[in-house]
Amino acid sequence: MHTLYDSDTFSVTHLAAIEPDEVLTSLGDTDTAAERPVLLRHGFEIVDKRSGKELYLDGSWAELFQQRIAAWQVNAPTEEEVEDTLAQYAELAQTPLTVH
């Protein structure tokens, strides 16, 4: 898990996929693969701090978002451009955040 962006308005976290082989090699003698969660695809969590909602992108949505991030790395957008893009994604957010 890597936080890619964090502002007063938004937070973006990348959840990297874990290959099943990596899980097996990292397990101790007493652990089994069934005891550890495996994330087969990477994804991005976008949190809209204003509304208190989050959105999880995976699959083709995650691939498109990753392409956007790659373009940002080349073009170095302003904070306003990043916030505007995240606000568009945040419109899809339906899941309320809860504090545990």
Side-chain angles (χ1 to χ4, degrees):
M1 220 167 52
H2 303 284
T3 299
L4 303 177
Y5 183 78
D6 191 22
S7 71
D8 291 339
T9 313
F10 294 101
S11 175
V12 178
T13 303
H14 179 231
L15 288 87
I18 301 171
E19 296 296 327
D21 291 342
E22 292 176 29
V23 172
L24 290 175
T25 58
S26 69
L27 295 175
D29 293 336
T30 59
D31 293 335
T32 64
E35 295 173 350
R36 298 268 176 112
V38 177
L39 182 63
L40 297 178
R41 299 191 305 192
H42 76 102
F44 296 92
E45 178 187 51
I46 300 173
V47 175
D48 182 348
K49 296 177 182 179
R50 301 167 302 179
S51 69
K53 293 185 179 179
E54 67 95 18
L55 172 69
Y56 184 76
L57 304 173
D58 71 347
S60 60
W61 280 97
E63 297 301 324
L64 292 171
F65 190 71
Q66 187 167 5
Q67 290 172 6
R68 171 94 37 142
I69 291 171
W72 285 344
Q73 291 173 336
V74 172
N75 298 324
T78 65
E79 185 175 346
E80 184 178 328
E81 291 172 324
V82 172
E83 296 275 327
D84 289 344
T85 300
L86 294 176
Q88 292 172 355
Y89 281 99
E91 290 177 8
L92 302 171
Q94 299 296 318
T95 307
L97 293 174
T98 57
V99 178
H100 298 281

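Residue V74 shares its hydrophobic cluster (ILVMFWY side chains chained together at separations under 4.5 Å) with no other residue.
The distance from atom CZ of R50 to atom OG1 of T9, rounded to the nearest 0.5 Å, is 6.0 Å. With values rounded to the nearest 0.5 angstrom, T78 atom OG1 is found 7.5 Å from D84 atom CG.
Across all non-hydrogen atoms, the minimal contact from T13 to M1 is CG2-CG, 3.5 Å. The two residues H14 and G43 have their closest heavy-atom pair at CD2-O, 3.3 Å.
In this structure, Y89 has no side-chain hydrogen bond (donor to acceptor under 3.5 Å, both in side chains) partners at least two apart in sequence or on a different chain. Residues forming a side-chain contact (heavy atoms from CB on, under 4.5 Å) with I69 (at least two apart in sequence, or on another chain): L4, F44, F65, W72, Q73. With sequence neighbours excluded, the residues satisfying side-chain hydrogen bond (donor to acceptor under 3.5 Å, both in side chains) with D6 are K49.
Criterion: ILVMFWY side-chain heavy atoms under 4.5 Å apart, direct or through other members. Under it, F10 and W61 are part of a common hydrophobic cluster. Note on L57: it clusters hydrophobically with V12, by side-chain heavy-atom contacts below 4.5 Å among ILVMFWY residues. At a threshold of 4.5 Å between side-chain heavy atoms, the hydrophobic network of Ile, Leu, Val, Met, Phe, Trp and Tyr places I46 and Y5 in one connected group.
Residue D8 places its CG atom among 12 or fewer non-hydrogen atoms of other residues, nucleotides or ligands, all under 6.0 Å distant.
Residue pairs that meet the salt bridge (charged side-chain N to carboxylate O under 4.0 Å, His left out) test with at least one member in residues 56-83, sequence neighbours left out, are R41-D58.
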